[in-house]
Every structure is written in structure tokens, then in C-alpha cells.
Amino acid sequence: QVQLVESGGGLVHTGGSLRLSCTASGRTFSTYAMGWFRQAPGKEREFVAAIGWLSISTVYADSVKGRFTISRDNAQFTVHLQMNSLKPEDTAVYYCAADRRVGVFTRREDYEYWGQGTQVTVSS
């Protein structure tokens with residue numbers, strides 16, 4: 001069983017930055033596929049970014065490309081999401097996700113483990 005705990009959410013003005021972190025339990029974290037999703041009120045949970053176990057492969061949603069950066073520190077069992085140039089439409093609960101398979105995945109159904117989420121609010 002893998003447990004994921006997100007941190008780093010908060011309130012920021014338009015144009016500001018936040019760095020989300022997700023810490024995982026489990027000895028084999030380094031080989032897990034990791035991703036970030038978000039869910040705004042009244043909307044479906046959507047893909048934001050994903051990273052493979054070697055950090056060579058990353059994928060981003062078009063809406064965040066060039067503004068967000070996903071990274072991982074396998075020694076610390078942590079994955080980060082650096083969010084710059086934030087917009088009000090980025091307001092959502094952000095979820096960390098993990099899967100034991102090797103790869104880079106963009107669909108919710110591809111991920112086995114989920115964190116509880118952290119709120120990000122961007123004021124205009």
C-alpha cells in the first residue's frame with residue numbers, strides 16, 4: 001500500500017507562484033509513475049502533469065505547459081509541482097497520484113494511488 005501526502009497549497013495572487021510537494025510511503029517509489037491532477041468546483045478531475053521514474057519523460061496539459069514544472073526526488077520519495085504565472089483558472093484542489101507501473105500516464109484510471117488533495121486558490 002502506498003500513501004501519498006500533498007503539501008504546499010495556499011492562496012496566491014494572479015501571476016504568483018506556488019510549489020506543491022507530494023511525499024510517498026513505500027520502498028519502491030523510485031520506479032513508480034507519478035502525476036498531478038486537479039479538480040475545480042463543479043468540474044471533473046483533470047490531468048495536469050506526469051513524470052516517469054527516471055525523470056526523463058514528462059508530460060503536461062496544454063493549459064499549464066510553460067508555466068508548471070513537475071520533478072521528483074526519488075531519494076526523498078517526493079514529487080514536486082512548481083507552478084508559476086498562476087491564473088485564477090488554476091484554482092482547484094490538486095491531487096498527487098502514483099502507479100506501480102513504469103511509464104508516464106495522463107488518465108485518471110491509470111493511477112492506483114491518490115493523495116487527499118491540497119487547495120490552490122488564485123485571486124484576481
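Side chains are part of it too, since the values below use all heavy atoms of this structure and drop only hydrogens, waters and symmetry mates.
Listed by chain and residue number, nothing satisfies the side-chain hydrogen bond (donor to acceptor under 3.5 Å, both in side chains) test with Q1 (two or more places apart in sequence, or in another chain). Every side-chain contact (heavy atoms from CB on, under 4.5 Å) that Q76 has, sequence neighbours left out, goes to D73, T78. Listed by chain and residue number, nothing satisfies the ring pair (Phe, Tyr, Trp, His ring centres under 6.0 Å) test with Y94 (two or more places apart in sequence, or in another chain). Residues passing the side-chain hydrogen bond (donor to acceptor under 3.5 Å, both in side chains) test with Q119 are T121, sequence neighbours excluded. Scanning for side-chain contact (heavy atoms from CB on, under 4.5 Å) contacts around K43 gives A40, with sequence neighbours left out. The side-chain hydrogen bond (donor to acceptor under 3.5 Å, both in side chains) test applied to S17 returns N84, not counting sequence neighbours.
Heavy atoms only, all atoms of each residue included: I70 and M34 are closest at CD1-O, 4.3 Å.
In the hydrophobic clustering of this structure, V102 groups with L54; members are Ile, Leu, Val, Met, Phe, Trp, Tyr whose side-chain heavy atoms approach within less than 4.5 Å, directly or through other members.
Side-chain atoms of R72 come within 3.5 Å of backbone atoms of G52 as a donor-acceptor pair (strictly under, hydrogens ignored).
Here disulfide bond (SG atoms under 2.5 Å apart) pairs that include residues 30-92, with residues two or more places apart or in two chains, number zero. Sorted pairs that involve residues 76-89 and meet salt bridge (charged side-chain N to carboxylate O under 4.0 Å, His left out), not counting sequence neighbours, are lacking altogether. Counting only residues at least two apart or in different chains, side chain to side chain donor-acceptor pair (under 3.5 Å) contacts with residues 4-15 comprise H13-S123. Counting only residues at least two apart or in different chains, ring pair (Phe, Tyr, Trp, His ring centres under 6.0 Å) contacts with residues 96-123 comprise F37-Y111, F37-W114. Pairs of residues two or more places apart, or lying in two chains, that qualify as disulfide bond (SG atoms under 2.5 Å apart) and include a residue from residues 60-124 are C22-C96. Contacts classified as disulfide bond (SG atoms under 2.5 Å apart) and involving residues 32-66 (residues at least two apart or in different chains) are not found.
In E112, the CD atom is crowded: over 12 heavy atoms of neighbouring residues, nucleotides or ligands sit closer than 6.0 Å.
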